[in-house]
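The structure appears below as structure tokens.
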Amino acid sequence: MTEFVPTICPYCGAGCGVLLLVKDGKVTTTTPWAEHPVGEGRLCMKGWYAHEFIYSPDRLTKPLLKVGDSFQETSWENALKVIAEKLSEAKAKDGPDSLAFLSSAKCTNEENYLLQKFVREVIGTNNIDHCARLCHASTVTGLGTAFGSGAMTNDIADIPQSDCVFVIGSDTMSQHPLAARRIILAKEMGAKLIVADPRRVQTARFADLHLKLRPGTNVALLNGIMKSILDHGWENKAFIEERTEGFAELKAVLDTVSLDEAEKITGVPKADIEKAAELYATSKASCIIYAMGITQHTTGTNNVLSIANLAMLTGNIGRPGTGVNPLRGQNNVQGSCDMGALPDLLPGYQRVTDEAKRKKVAEAWGLPDLPTQPGLTLIEIMEAIHAGKVKTMFIMGENPVVSDPDITHVEEALNKLDFLVVQDMFLTETARLADVVLPAASWAEKEGTFTGTGRRVQVLRQAIAPLGESKPDWQIIGELARAMNAEKGFIFASPKEIFEELRKVTPQYAGMDYARLSQPQGLQWPCPAEDHPGTPILHTKQFTRGKGKFHAIPYQAPAESPDAQFPLILTTGRVMTQWHTRSMTGRSPSLNAEFPEGFVEINPQDAKKFKINDKGLVEVSSRRGKIKTRARVTDKVVPGVVYIPMHYVEAAANRLTNSRFDPQAKIPELKVTAVAIKPA
Amino acid sequence: MTKCNEIVQDIVRSMLRAKLVDEVVAFGRGINESDIVPLFITDEKDAEKIVTISYYPCSLAKLVALYGDRNKKIGLVLRPCDARSLVELAKRQQVNLANIYSIGIECYGVVRAGSNSHQVYIFPDTVQMDGETKPLAEDVLAPNCRRCEYMVPTMTDVAVRLLPDGGCLVDANTEKGQAVLEAASIAVTDMPALDLTALKERAARWKEKDFGELKKMAAKDRLHYWLAQWEKCIKCYGCRNACPICYCKECYLEPEKQIVKNEALPPEALFHVGRLLHVGDSCTDCGQCEAACPMGIPVSKLYHMLYEELSPLFDYESGFDLATLPPVSTISDKDLTKTGVTLD
Ligand code: SF4
Ligand code: SF4
Ligand code: SF4
Ligand code: SF4
């Protein structure tokens, strides 16, 4: 039998639809799903080859138990017994807060929901976080405070309606190619395009204006733009008056801003700042698209707040073609946040400290109450392990040993644990450190829902049976809960049943069900009622929090600045065909062959200064470590800045990066590290 | 338009029942009415999903070449451009036409994904969208369809003409076709020849529009036009993956071949030029490459333009006569193992 199974690409948050060709029970290939509203029959290379790792010989097919220094295969029964005992023991001995859990933005909503429920109900702690901390934690905090909702306000499909697209800190053509498609479309339909990025990313080739700012100077740039808008009277006075508050405070800060100073800090000529202000403020509908160039900073929340300021100042929100549009990285990072896989938030962004809301969730779970103290974030968990406070850890589908900042520190931490469980498809760098490894099923082997970056909830369909003895993560969590005697809340026959429960406690999802979600276009949250069509654009009449709130944000320098010893700024990023720590793409031959190894980009000027040859082997070092990699001498990066893609464990940028984080969002500053470079 | 769906469904059911074929590949309903996906039908019961709307999201000929069973008999419901691609694939030994029963649907153009893939039926000068009939506005058609002059499936075993009133005419082009219609107890209609004057005029007009301006440009400017388009390329391989003429198991564009450099985006021009040299002489202007391009690069325009220039030179019309082999890139399996043959 041969059939096409419609499902969702497992890579980026664009969330394109794919058709998996299944022939006699085997996935044969991936093709675009024409009717799907995001890709409309197109995919990027990752999408076209998304099936390649499914049958990788490296797939784990049996639970593994560490005996001495090596792993031995074991039965599910035994593996779960060992884990249940260890977790119960740790909880009894050192208390629930001595355990910490990482959920996964690659897993479905149902799986994230179930894991956070397990952590809060069975373990009794809020120590649950995941890699959203590393990408858009500052979006959640920033947009949450400014607008009342920390998600993309418009939708990818809405971009072509824009007259001016302002892309800041996003290598869209590489990282969200099917969103870039709409940017190019907008441009070809006459929209102006502004790109702010220290590198000449592919999108910048089409820009009317490329602002090559120094990494970490976003607030200075945005304040400069806003200052120029006020100077020219381009602000939208009616919008400010009717729909916002706090303008006076913002204005007070902007009054102290000078464009000459902004030019000095950012490296962007004053005239370009003014031009950007004019294009953005005077177009009929302008939208902002941003990603980790904005969020991964010690001032991440402030960067996001400044973006919100700019949009509100000009009334560019709540209409087609406008909006503040964070492009979420992982396929389901929007969903994993929605589901409350976060230490301070329950499903639907309900604060654990909000007693009424917390008790409501507890009641739905048949419990008197839930843990009341916010738990630890990703970076804090690592600190707490070093401090001896966290001793047991459970990681579902994440690979912090490559993905997190300052990985030497992370490795030391994980090695220090009494007990570590990793649930993954592969024996990743992190899984190697575990005491028990549980084999997880791949995206083609399970059902569930993913929420794409446009808040679009859509159904992932099972195409084949799980390989070997691997199991979908939701089943594993359910079985583990039952092994720990938590029968009641963890018996689910299917993800659909989990969804029926989660929508009762997640207000944004309340009106959704699998029947409606199964349509090619899914549903965009908030969808509060069963007859509600979903919400393509947020904040149309009023903001989720009522009035939009301006914040006064003065510029602050990044945590590390170049000095005599470390004279260059390292900024990290990604390449088109690799995904994060390469546990999937590195095992996809077609994808891996396009960008097989790491490199460092350096401007010819700096190359000359530091005697670096193109393609030559170099050593890059920071206060935390050093790596060897190959140089690419290119004017794609501005002088003073070097760039390393974060994927390659052999030349891991995160050996160098700084785990200093944003005080509110606790997102680390992956985009600015002071480094030195020399021939190796 | 349900009646024409029904006749095609009937034909498919009969082919399966009479064991003329083991499997039928056709477009049909997926999740809902407008979700059109390729179906592999072995059970007569599923024939009722088949639709004949003017929307054709991928090359079924290529699907069969890549994933069809070589020794199975396969029925195919396709449009003329894809039927021509099927012939080209047969020339390249990628399908065995003897084992294929093809049902061709006369076609005056299709729409692209995203434009409006609802219930749309296109006729020579009208269009029916969700039941409503309107005069045909040519810009709803996919760009390659506007240039198309091969509306009639003369190269398939059975030819089906859908009529605006919901009826349809059926004819057999071959003996296999007669066997199919006999099995379905369908009387062969004496199909009146389609008046192609207006449609050929349309094709000429759009060719002039699409190619004329480019041809008028100085060579340097034309190159610039394409270089600017290729700047948008993200090397997704969609154009190659969707193209029925790009059948190679080992493709020259891939990094291992070391012809097109990896680690570079946009890819160098050779990526496009290489494919152009490989398929240009046989391009059937099916438009699948362009429909798959995320960046809106008018890919089929390029390939078709070269084809139009080569076709009279070599007196080669792609997609018809199985015996005439493509002039430039006769890439047989054997040639593929020689190096450098196709890129000089
Ligand atoms: S753009 Fe994102 S979702 Fe779409 S195919 Fe590429 S990786 Fe997958
Ligand atoms: S090059 Fe494009 S138009 Fe020509 S045959 Fe291939 S897919 Fe069709
Ligand atoms: S080798 Fe040439 S003809 Fe074959 S798939 Fe690649 S580009 Fe197409
Ligand atoms: S489909 Fe378009 S973007 Fe993709 S490789 Fe072809 S020309 Fe480039």
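Keep in mind that the numbers below use all heavy atoms, side chains included, and drop hydrogens, waters and symmetry copies. Letters go in sequence order (proteins before strands), and every chain restarts at 1.
Within a 6.0 Å sphere centred on NZ of A/K23, heavy atoms belonging to other residues, nucleotides or ligands number more than 12.
B/C236 and A/W48 make their closest contact through O-CD1, 3.6 Å (heavy atoms, listed as atom of the first residue, atom of the second, distance). Residues B/M295 and A/A180 approach most closely at CE-CB, 4.2 Å, considering heavy atoms. Contact detail for A/T2 and B/F40: the closest heavy-atom pair is O-CB, 3.3 Å. Contact detail for B/Y55 and A/E35: the closest heavy-atom pair is OH-N, 4.5 Å.
When heavy atoms are compared at a cutoff of 4.5 Å, A/E188 approaches chain B solely by way of its side chain, counted from C-beta outward. Looking at A/P177, the atoms closer than 4.5 Å to chain B (heavy atoms on both sides) sit in the backbone and in the side chain alike. Residue A/P596 touches chain B through both its backbone and its side chain, counting heavy-atom pairs closer than 4.5 Å. Proximity to chain A (any heavy atom under 4.5 Å) is restricted, for B/C233, to the backbone atoms N, CA, C and O. Neither the backbone nor the side chain of B/L39 comes within less than 4.5 Å of any heavy atom of chain A. Contact of B/C293 with chain A is made through the backbone alone, with heavy-atom distances under 4.5 Å. Neither the backbone nor the side chain of A/L185 comes within contact range of chain B; no heavy atom of the residue lies under 4.5 Å from a heavy atom of that chain. Proximity to chain B (any heavy atom under 4.5 Å) is restricted, for A/S174, to the side chain, taken from C-beta onward. Heavy atoms closer than 4.5 Å to chain B are found nowhere in A/R182, neither backbone nor side chain. Interface remark: B/K261 contributes no atoms to any contact with chain A (heavy atom separation under 4.5 Å). Neither the backbone nor the side chain of B/I41 comes within contact range of chain A; no heavy atom of the residue lies under 4.5 Å from a heavy atom of that chain.
With hydrogens and angles disregarded, no donor-acceptor distance shorter than 3.5 Å links the side chain of A/R205 to the backbone of B/E231. Using a distance-only test at 3.5 Å, with no hydrogens or angles considered, a donor-acceptor pair links the side chain of B/N262 to the main chain of A/A593. With hydrogens and angles disregarded, no donor-acceptor distance shorter than 3.5 Å links the side chain of B/K232 to the backbone of A/I184. A donor-acceptor pair is defined here as one N or O able to donate and one able to accept, closer than 3.5 Å; such a pair exists between the side chain of A/R181 and the backbone of B/P294.
Ranked by heavy-atom pairs under 4.5 Å with chain B, the first of A/M576, A/M1, A/E3, A/K46 is A/M576. Annotation: maximal heavy-atom pairing with chain B below 4.5 Å, among A/T29, A/L19, A/V575, occurs at A/T29. By number of non-hydrogen pairs under 4.5 angstrom with chain B, the leading residue of A/F599, A/F595, A/Y49 is A/F595. The candidate with the highest count of non-hydrogen atom pairs below 4.5 Å against chain A, out of B/G30, B/A242, B/P38, is B/P38. Among A/R632, A/H36, A/E597, the residue with the largest count of heavy-atom pairs under 4.5 Å with chain B is A/R632. Chain A forms more heavy-atom pairs under 4.5 Å with one residue of B/P266, B/P57, B/G296, B/G238 than with any other, namely B/P266.
Using a cutoff of 4.0 Å between basic side-chain nitrogens and carboxylate oxygens, B/E263 and A/R630 are not scored as salt-bridged.
With sequence neighbours excluded, the residues satisfying ring pair (Phe, Tyr, Trp, His ring centres under 6.0 Å) with A/Y11 are A/W579.
Contact check for B/I31 versus A/P6: side-chain heavy atoms found under the 4.5 Å cut-off.
There is a side-chain donor-acceptor pair under 3.5 Å between A/E594 and B/Y237.
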**Request:** Show your working on side chain to side chain contact (heavy atoms under 4.5 Å, CB included) between B/I234 and A/M45 and close with a plain yes or no.
**Result:** CA-CA 8 Å; B/I234 53 167; A/M45 195 187 180; over 6 Å; no

